[in-house]
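This report refers to the structure that appears directly beneath it.
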Protein chains: 2
Amino acid sequence: MTKHSKQIRKEFIEGLSRISHFWGYPKGVGAVFAVLYLAPNPLSLDELVQHSGLTKGAVSTNVRWLARMGLVRRVTRLGDRKDYYAAETDFYKSIRAILGERQNREFDQAIQSVRETLEKLQAAKGSMDEAERKFLLERVQALQDFFDAIDSLSRAAARLDNLGVNTIQNILKILK
Amino acid sequence: MTKHSKQIRKEFIEGLSRISHFWGYPKGVGAVFAVLYLAPNPLSLDELVQHSGLTKGAVSTNVRWLARMGLVRRVTRLGDRKDYYAAETDFYKSIRAILGERQNREFDQAIQSVRETLEKLQAAKGSMDEAERKFLLERVQALQDFFDAIDSLSRAAARLDNLGVNTIQNILKILK
DNA sequence: TAGTATGTTTAGTAAATACTAAACAAAATA
DNA sequence: TATTTTGTTTAGTATTTACTAAACATACTA
């Protein structure tokens, strides 16, 4: 690996770290992904440690996060008990995985609190000023509807098994 | 405002704080928005301080952030030098505003680093192993293409002036 | 079974972030 | 011009977060 190649790789890694950070994720996540993305073969944990400059613990956490998000595949080889990791190069596949991950219980749980407010308002008939209740009901209901629309959109996208450039282009036609 | 009503409001505020936090934004942003969203009239900075429990400085920062994102409107009244703020109740409008905000220079800047890597790779003909260069070019180009697709999608959505439930339903049909 | 290779978890730390309190700025009114 | 009202900025702090180093767990090998 030439000096020049090393430099370009380093800058790319820093770039993805910045993007990762921008999206609100740890920089390490971007760095580990960048290393894997520029590797022609799956890499072991130790190789990731070498190339990313992070420690084993951090790489372990970050790479598992990436795997859980579907941005990285875990590869195991027969007769080799090391784990290897490879970057997912089909990003549309990753998006589907992320959307489909109802592992996002945390998201649902957050949304749930709005639904609870709505239910409490519905049950509050009589125990609070009726005009106020009407107003609050309307507002909270609108927010709920919005979340539902977003939710059904992401569910539909997640179900889709050929989400890709072509689909995007179709959507672009609608948005014309 | 009855005790019961106060309780429901409080829980709603906490709910939106959690959601705000989940999306990677300060909790205060969610809290301030929640207060405004449950108010029938625009509120002044001081009223926001009262109802949110934050200090003036924090509310000032958070509410300006919300205004910049198009989630809140600043209302000024003739002969009153207070600023008032009202929640945007048309969320689709907000989404358009957020997408349209090329104030998101920060995002573009982050993406820019990938483009730079691409350019450097193109310029590196001769100064690094050609097979390696070919491989890296291909990978980085694919990432760039993906970002471009996302970008054109968001630009299209931002240009749209009737993004709403109906549009979402049209998209859902495509995703069928 | 002891020893070795691998991955995960934990305890502590450094860095980033969002807040408070108070100083400051700007502009209207007296 | 001095005073009051309003909003922003700053300095310091508390909290959160992501990291390191090291202990631990697990499973393979001799």
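Lettering of chains follows the sequences in order, A, B, ..., and the numbering in each one begins at 1. The analysis underlying the following values was restricted to heavy atoms, covering all of them including side chains, and did not include hydrogens, waters or symmetry mates.
Among pairs with a residue in residues 58-83 of chain A, those fulfilling ring-ring contact (aromatic ring centres under 6.0 Å, His included) read A:Tyr25-A:Trp65, at least two apart in sequence or across chains.
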Which donor-acceptor pairs under 3.5 Å do side chains of residues 70-80 of chain B form with protein atoms, sequence neighbours excluded?
unit_1	atom_1	unit_2	atom_2	d
B:Arg74	NE	B:Asp83	OD2	3.2
B:Arg74	NE	B:Tyr85	OH	3.4
B:Arg74	NH2	B:Tyr85	OH	3.0
B:Asp80	OD1	B:Lys82	N	2.9
B:Asp80	OD2	B:Tyr84	OH	2.8

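Counting to the nearest Å, the C1' atom of C:dT6 and the CG atom of A:Leu48 are 14 Å from each other. When the C1' atom of D:dT4 is taken as reference, atom NZ of B:Lys82 falls 12 Å away, rounded to whole Å. Note: CH2 (B:Trp23) to P (C:dA18) measures 18 Å, nearest angstrom. If you take CG of B:Leu43 and P of D:dG7, they are 12 Å apart, rounded to a whole angstrom. As a whole-Å value, the separation of A:Asp80 CG from C:dT6 C1' is 10 Å. Between the CG atom of B:Leu78 and the P atom of C:dA28 there is a distance of 13 Å, rounded to whole Å. We find that CG of B:Asp46 is positioned 14 Å from C1' of D:dT8, with the value rounded to whole Å. At whole-Å resolution of the value, NZ in B:Lys27 and C1' in D:dT17 are 13 Å apart.
With DNA chain C read from its 5' end, the first of the two nearest nucleotides for A:Leu45 and B:Leu54 is the one closest to A:Leu45.
Residue B:Asp83 is classed as a sugar-phosphate contact, given heavy-atom separations below 4.0 Å to backbone atoms only.
For D:dT8, one of the phosphate oxygens OP1 or OP2 lies less than 4.0 angstrom from a side-chain nitrogen or oxygen of B:Ser60. Between A:Arg64 and C:dT9, a side-chain N or O to OP1/OP2 separation shorter than 4.0 Å is present. Phosphate proximity of C:dA15 to A:His21: absent, as no side-chain N or O sits under 4.0 Å from OP1 or OP2. In this model, the phosphate group of D:dT6 is not approached by any side-chain N or O of B:Arg77 to a distance below 4.0 Å at OP1 or OP2.
Taking all atoms of both residues into account, the shortest heavy-atom contact from B:Leu172 to A:Ala156 is CD2-CB, 3.5 Å.
With salt bridges taken as basic N to acidic carboxylate O contacts below 4.0 Å, none links B:Asp129 and B:Arg133.
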So which protein N/O to nucleotides 22-30 of chain D N/O distances come out below 3.5 Å?
none

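Rounded to the nearest 0.5 angstrom, A:Ser113 OG and B:Arg18 CZ are separated by 5.0 Å. Annotation: the span from B:Gln141 atom CD to B:Leu143 atom CG amounts to 10.0 Å, rounded to 0.5 Å.
The environment of CD in B:Glu138 is sparse: at most 12 heavy-atom neighbours from other residues, nucleotides or ligands sit within 6.0 Å.
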